[in-house]
Amino acid sequence: MKIIVTGGAGFIGGNFVHHMVNKYPDYEIVNLDLLTYAGNLETLKPVEDRPNYQFVRGDIADRKFVFELFEKERPDMIVNFAAESHVDRSITDPEAFVRTNVMGTTTLLDACREYGIQRYHQVSTDEVYGDLPLDRPDLFFTEETPLHTSSPYSSSKAAADLFVLAYQRTYGLPVTISRCSNNYGPYHFPEKLIPLMISRALADGELPVYGDGANVRDWLHVSDHCGAIDLILHKGRVGEIYNVGGHNERTNLEVVKTILAALDKPESLIRFVKDRPGHDRRYAIDPTKIESELGWKPMYSFDTGIRQTIEWYLANESWWKHIISGEYSRYFEKMYGDRLE
Ligand code: NAD
Ligand code: DAU
């Protein structure tokens with residue numbers, strides 16, 4: 001079995017490469033990644049010398065490159081993680097999101113049509129469903145919830161999903177889609193809420209909370225997401241969408257306070273800043289389908305997962321300090337400079 005994993009130098013893709021290389025020594029894992037600002041080969045250090053692993057640098061939206069790679073590797077499966085993934089960046093530069101998330105996906109789908117494939121798996125997101133009101137805790141996203149996107153990021157992901165489903169119906173391509181809630185865990189890029197707050201708190205910096213901090217996210221440890229995709233690849237039904245989430249809803253303020261308490265830092269570091277435009281209020285996944293059909297169950301509660309994650313950031317300072325000392329520090333100035341009220 002040869003699997004091309006795209007975006008394997010990013011947060012979730014990197015964790016998935018670790019998972020697959022370790023669990024399936026007989027599979028060949030080809031990690032295709034452009035190494036944008038979010039891609040980091042340091043994440044692959046633990047597996048880079050394994051005989052069943054190789055890295056290829058390239059752009060999923062570069063048709064010539066992708067077709068040549070398929071010609072050479074003849075993969076059995078594709079798992080597409082590669083994406084522009086940060087909502088705030090999509091608000092300042094939507095075009096990059098259309099190029100990678102939409103055109104990159106259709107380029108991969110065309111290569112699958114040309115060369116044949118056992119499975120194309122699209123790693124999508126719960127953000128395609130839009131948001132839920134805070135005063136209706138009884139509501140959850142199911143696979144039947146209509147697509148209703150808010151940001152350029154989520155719109156590009158929804159567009160990609162529709163192409164994936166169209167290629168199944170029109171060309172009979174064997175596809176699956178997973179739509180997961182917010183991930184956290186090791187190797188998470190420090191522009192996203194949890195690693196950003198851990199790194200800022202450790203430096204005794206201000207913790208920028210958007211709006212009133214009451215927005216709710218449904219947190220899942222990244223290794224539980226990787227386990228879900230593994231199950232879908234091996235047992236999932238072609239043409240199906242599977243929602244992935246572990247019922248770990250928390251307000252942003254609760255998450256930030258949990259991190260401060262774990263690091264023994266004062267809540268006075270919290271700074272409420274200008275809200276994200278179009279900010280989704282609440283995400284909450286109903287995972288009944290993947291649980292009942294595939295027997296998936298998360299291993300981590302939020303309390304154990306966040307503790308493990310904070311310990312990982314404490315033990316792996318060089319991984320994230322290397323990132324925030326470079327180009328990323330200029331990004332922080334640009335994003336947050338005019339946000340502070
Ligand atoms: P990430 O930003 O950490 O990583 C993205 C990776 O894709 C990087 O390594 C980057 O170099 C690579 N990449 C970007 N453009 C590329 C291109 N044109 N060609 C090849 N590689 C390219 O993202 P992540 O948080 O790991 O998310 C991975 C996937 O999971 C995304 O598709 C995202 O939409 C989805 N997702 C993320 C979350 C989350 O909470 N982070 C939750 C649900 C779904
Ligand atoms: O739900 C899945 C999605 O989760 C993925 O599809 C996205 O790729 C991923 O980035 C994530 O999107 P969010 O926008 O939910 O994640 P982010 O970490 O950017 O923000 C989480 C919440 O925290 C959100 O309500 C905004 C808030 N926030 C974020 C940052 C970076 C702050 O209050 N302050 C901040 O500085």
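Every number for a ligand or one of its atoms is a count from 1 in the order of the listing.
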Enquirer: Regarding ligand 1, does C180 bring an N or O atom to under 3.5 Å of one of the ligand's N or O atoms?
Expert: no

Enquirer: Which atoms of ligand 1 have any heavy atom of T36 under 4.0 Å away?
Expert: 10 (C), 11 (O), 14 (C), 15 (N)

Enquirer: Does S124 have a heavy atom less than 4.0 Å from any atom of ligand 1?
Expert: yes

Enquirer: What protein heavy atom lies closest to atom 5 (C) of ligand 1? Include the residue and the distance to one decimal.
Expert: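 Protein heavy atom at minimum distance: A83 O, 3.5 Å.
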
Enquirer: What part of E127, side chain from CB on, backbone N/CA/C/O, both or neither, has a heavy atom under 4.0 Å from ligand 2?
Expert: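 Just the side chain.
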
Enquirer: Taking 4.0 angstrom as the limit and counting only heavy atoms of S181, give me the atoms of ligand 1 inside it, by number and element.
Expert: 42 (C), 43 (C)

Enquirer: T100 to ligand 1: N or O pair under 3.5 Å?
Expert: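 Yes, at least one N or O pair falls under 3.5 Å.
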
Enquirer: For ligand 2, note which part of E191 has a heavy atom under 4.0 Å away: side chain, backbone, both or neither.
Expert: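 Under 4.0 Å from ligand 2, E191 contributes backbone atoms alone.
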
Enquirer: Taking distance alone, with no angle check, do A61 and ligand 1 share an N/O pair under 3.5 Å?
Expert: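 N/O-N/O distance under 3.5 Å: no.
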
Enquirer: Any atoms of ligand 1 less than 4.0 Å from a non-hydrogen atom of A82? List them with their elements.
Expert: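 Contacts of ligand 1 toward A82, numbered from 1: 7 (O), 20 (C), 21 (N), 22 (C).
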
Enquirer: Could a heavy atom of S178 be found less than 4.0 Å from some atom of ligand 1?
Expert: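 No.
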
Enquirer: Only heavy atoms of Y153, strictly under 4.0 Å: list the atoms of ligand 1 that pass.
Expert: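 Selected atoms, number and element: 33 (C), 34 (O).
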
Enquirer: So which heavy atom in the protein is nearest atom 3 (O) of ligand 1, and how far is it from that ligand atom?
Expert: F11 N, 3.0 Å

Enquirer: Specify the protein heavy atom at minimum distance from atom 4 (O) of ligand 1: its residue, its atom name, and the distance to 0.1 Å.
Expert: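 The protein heavy atom lying closest is G10 CA, 3.4 Å.
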
Enquirer: Considering only heavy atoms of Y283, which atoms of ligand 2 have at least one such atom less than 4.0 Å away?
Expert: 1 (O), 15 (O)

Enquirer: Closer than 4.0 angstrom: is that true for some heavy atom of G58 and an atom of ligand 1?
Expert: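 For ligand 1, residue contact (heavy atoms, under 4.0 Å) with G58 is present.
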
Enquirer: Taking all atoms of both residues into account, what is the closest heavy-atom pair of Q308 and Y300, and its distance?
Expert: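 Distance-wise, the nearest heavy atoms are NE2-OH, 3.6 Å.
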
Enquirer: Is it true that L35 lies under 4.0 Å from ligand 1, counting heavy atoms only?
Expert: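 Heavy atoms of L35 do come under 4.0 Å of ligand 1.
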
Enquirer: If hydrogens are left out, which of R271, R282, R217 has an atom nearest to atom 15 (O) of ligand 2, that is, the closest non-hydrogen atom?
Expert: R217

Enquirer: Where on V87 is there a heavy atom closer than 4.0 Å to ligand 2, on the side chain, on the backbone, on both, or on neither?
Expert: side chain

Enquirer: Could you say whether the N/O atoms of N182 and ligand 1 ever approach to under 3.5 Å?
Expert: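 No: no nitrogen or oxygen of N182 is under 3.5 Å from one in ligand 1.
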
Enquirer: Determine the interplanar angle of the H247 and F140 rings, folded into 0 to 90°, and report it as parallel if under 30°, tilted if 30 to 60°, perpendicular if over 60°.
Expert: perpendicular

Enquirer: Among protein heavy atoms, which sits nearest to atom 29 (C) of ligand 2, and what does the distance come to when rounded to 0.1 Å?
Expert: Y210 CE1, 3.6 Å

Enquirer: Atom 18 (N) of ligand 1: which of T105, V66, L220, D59 has the nearest heavy atom?
Expert: D59

Enquirer: Return a yes/no value for D88: is any of its N or O atoms, backbone included, closer than 3.5 angstrom to an N or O of ligand 2?
Expert: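 Between D88 and ligand 2, no N or O pair is found under 3.5 Å apart.
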
Enquirer: Tell me which one of N182, L193, D131 gets a heavy atom nearest to atom 16 (O) of ligand 2.
Expert: N182

Enquirer: Within the structure, is a non-hydrogen atom of H279 found at a distance of less than 4.0 Å from ligand 2?
Expert: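 True for this residue.
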
Enquirer: Is it the side chain (CB and beyond), the backbone, both or neither of N183 that lies under 4.0 Å from ligand 2, heavy atoms counted?
Expert: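 No part of N183 is near ligand 2 at this cut-off.
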
Enquirer: Does any N or O atom in D126 lie less than 3.5 angstrom from one in ligand 2, N or O only?
Expert: yes

Enquirer: Please list the nearest protein heavy atom to atom 36 (O) of ligand 2 with its residue and the distance rounded to 0.1 Å.
Expert: Y336 OH, 2.6 Å

Enquirer: In terms of residue, atom name and distance, what is the protein heavy atom nearest to atom 27 (C) of ligand 2?
Expert: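 Of every protein heavy atom, N252 ND2, 3.4 Å lies nearest to atom 27 (C) of ligand 2.
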
Enquirer: Evaluate S85 for polar contact with ligand 1, using N/O atom pairs at a separation under 3.5 Å.
Expert: yes

Enquirer: Hey, is ligand 2 close enough to Y153 that some N/O pair sits below 3.5 Å?
Expert: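 Yes, there is a polar N/O contact under 3.5 Å.
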
Enquirer: Would you confirm whether the ring centroid of Y129 sits within less than 6.0 angstrom of the ring centroid of H148?
Expert: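 Between H148 and Y129, the centre distance exceeds or equals 6.0 Å.
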
Enquirer: Side chain or backbone, does H225 bring an N or O within less than 3.5 Å of an N or O on ligand 1?
Expert: no

Enquirer: Which ligand 1 atoms does K157 reach within 4.0 Å, using its non-hydrogen atoms?
Expert: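 So the atoms of ligand 1 that pass are 31 (C), 32 (O), 33 (C), 34 (O).
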
Enquirer: R99 versus ligand 1: do any nitrogen or oxygen atoms come within less than 3.5 Å of each other?
Expert: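 No.
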
Enquirer: Before accepting this row, confirm whether a basic side-chain N of the pair E68/K64 lies closer than 4.0 Å to the acidic partner's carboxylate O.
Expert: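 So E68 pairs with K64 through a salt bridge.
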
Enquirer: Geometry only, no angles: is D33 polar-contacting ligand 1 at N/O separations under 3.5 Å?
Expert: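 Yes, since at least one N or O of D33 sits under 3.5 Å from an N or O of ligand 1.
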
Enquirer: N/O to N/O below 3.5 Å, does that happen between L34 and ligand 1?
Expert: yes

Enquirer: Let me confirm one number: the OG1-NZ distance from T251 to K257, rounded to the nearest 0.5 Å.
Expert: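 Separation between the atoms: 8.0 Å.
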
Enquirer: Is there at least one pair of N or O atoms, one from I60 and one from ligand 1, spaced under 3.5 Å apart?
Expert: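 Yes, since at least one N or O of I60 sits under 3.5 Å from an N or O of ligand 1.
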
Enquirer: Would you mind checking which non-hydrogen protein atom is closest to atom 35 (C) of ligand 1, with the distance to 0.1 Å?
Expert: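 Here the closest protein heavy atom is V123 CG1, 4.0 Å.
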
Enquirer: Which is closest to atom 14 (O) of ligand 2 in terms of heavy atoms, R281, H86, R89, R276?
Expert: R276

Enquirer: Should one rank I12, N183, T107, L32 by closest heavy-atom distance to atom 26 (O) of ligand 1, which comes out on top?
Expert: I12

Enquirer: Which of the numbered atoms in ligand 1 are below 4.0 angstrom from a heavy atom of G39?
Expert: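 Those of ligand 1 that fall under 4.0 Å from G39 are 8 (C), 9 (O), 11 (O).
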
Enquirer: What do you reckon, does P208 have a nitrogen or oxygen under 3.5 Å from a nitrogen or oxygen of ligand 2?
Expert: yes

Enquirer: Below 30° counts as parallel, above 60° as perpendicular, anything between as tilted: where do the rings of Y37 and F189 land?
Expert: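 The rings of Y37 and F189 stand perpendicular, inter-plane angle above 60°.
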
Enquirer: State yes or no: do I3 and V123 share one hydrophobic cluster built from I, L, V, M, F, W and Y residues joined by side-chain heavy-atom distances below 4.5 Å, directly or via other members?
Expert: yes

Enquirer: When you measure from the centre of the six-membered ring of Y336, is the NZ or CZ of R271 under 6.0 Å away and within 45° of the axis?
Expert: no

Enquirer: Among all the protein's non-hydrogen atoms, which is closest to atom 29 (C) of ligand 1, and how far away is it?
Expert: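 Nearest neighbour among protein heavy atoms for atom 29 (C) of ligand 1, to 0.1 Å: F81 O, 3.2 Å.
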
Enquirer: Which of the numbered atoms in ligand 2 are below 4.0 angstrom from a heavy atom of T125?
Expert: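 Listed by number with element: 1 (O), 2 (C), 3 (C), 5 (C), 6 (O).
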
